[in-house]
Structure formats: structure tokens, C-alpha cells
Amino acid sequence: MPIIVNLDVMLAKRKMTLSQLSEQVDITIANLSVLKTNKAKAVRFSTLEAVCKALDCQPGDILEYVGEGDRE
């Protein structure tokens with residue numbers, strides 16, 4: 001999939017665990033884990049907004065487009 005979710009990177013930068021984020025945004029760890037592991041097929045704007053607010057970041061800090069030729 002050409003969209004990569006860098007949630008793990010932002011969590012590390014903010015020194016926050018998935019569990020702590022889950023408590024702050026009131027989203028289950030299981031659902032956040034699906035995002036973190038790039039297995040999500042869609043993301044609600046309300047979820048993206050809550051995550052960005054909790055991590056004090058922009059959507060572009062979490063979501064990244066990687067073209068077919070750019071993959072490793």
C-alpha cells in the first residue's frame with residue numbers, strides 16, 4: 001500500500017506508549033495497533049484529529065505517501 005502510517009515514529013518522538021495514547025484519545029489499543037502496523041484500510045478524520053491533538057503533530061507527520069518506485 002502506498003500510504004505508510006508512521007504512528008510508531010511519532011510515539012517514539014513523544015516518548016509515549018500505545019497504551020498511553022489509547023487512554024488519551026479514547027480509542028482501543030487494538031484499533032490503534034491496526035493503524036500502527038499499517039493494516040488499516042481507512043482512517044476516520046475524527047480519529048486522525050484525536051491522534052494529532054494527543055501527539056501535538058500534523059497529519060503529514062503520521063501519514064506518508066510512498067510511490068511504487070520509492071519502496072525499499
Side-chain angles (χ1 to χ4, degrees):
M1 185 181 304
I3 302 293
I4 304 298
V5 180
N6 293 313
L7 184 57
D8 53 344
V9 173
M10 288 307 301
L11 285 169
K13 285 182 178 180
R14 300 298 189 253
K15 294 180 172 62
M16 185 182 290
T17 66
L18 200 62
S19 177
Q20 290 169 325
L21 179 62
S22 173
E23 289 175 13
Q24 282 192 19
V25 298
D26 197 30
I27 298 171
T28 65
I29 293 174
N31 284 337
L32 287 175
S33 182
V34 168
L35 273 177
K36 184 179 163 195
T37 58
N38 287 305
K39 293 181 182 174
K41 299 293 182 196
V43 180
R44 290 186 177 164
F45 280 144
S46 58
T47 299
L48 186 57
E49 178 184 1
V51 169
C52 286
K53 185 176 180 180
L55 294 175
D56 189 28
C57 67
Q58 295 294 313
D61 296 328
I62 297 172
L63 301 176
E64 176 184 2
Y65 172 76
V66 179
E68 294 295 324
D70 297 336
R71 291 187 187 182
E72 295 178 359

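Small disclaimer: the values here were computed from a predicted structure and weren't measured.
At least one donor-acceptor pair closer than 3.5 Å links the side chain of R14 to the backbone N or O of D56.
Distance CG/L55 to CG/L11: 5.5 Å, rounded to 0.5 Å. To the nearest 0.5 Å, the span separating CD on Q58 from CG on L63 amounts to 11.5 Å. Once rounded to the nearest 0.5 Å, the distance linking CG of L32 with CG of D8 reads 12.5 Å. With rounding to the nearest 0.5 angstrom, the NZ atom of K41 is 13.0 Å from the CD1 atom of I3. Note that the CG atom of N6 and the CG atom of D61 stand 9.0 Å from one another [nearest 0.5 Å]. How far CD1 of I27 is from OG of S33: 13.0 Å, rounded to the nearest 0.5 Å.
Looking at K13 and C57, their side chains never come closer than 4.5 Å, going by heavy atoms from C-beta outward. Here the side chains of E23 and Q20 are not in contact, with every heavy-atom distance at 4.5 Å or above. Taking 4.5 Å as the limit, some side-chain heavy atom of T47 sits within range of a side-chain heavy atom of L35.
The side-chain hydrogen bond (donor to acceptor under 3.5 Å, both in side chains) check on S46 picks up nothing, with sequence neighbours excluded.
Criterion: ILVMFWY side-chain heavy atoms under 4.5 Å apart, direct or through other members. Under it, L18 and M10 are part of a common hydrophobic cluster. The cluster map of Ile, Leu, Val, Met, Phe, Trp and Tyr, joined by side-chain heavy atoms under 4.5 Å apart, puts L48 and V9 in different clusters. I62 and V34 end up in different hydrophobic clusters when Ile, Leu, Val, Met, Phe, Trp and Tyr side chains are linked at under 4.5 Å.
Summarising the local packing, CD of E49 is surrounded by 12 or fewer heavy atoms from other residues, nucleotides or ligands at distances under 6.0 Å.
Across P59 and C52, no two heavy atoms sit closer than the pair N-SG, 3.5 Å. What you find for A50 and V25 is that their closest heavy atoms are O-CG1, 3.3 Å.
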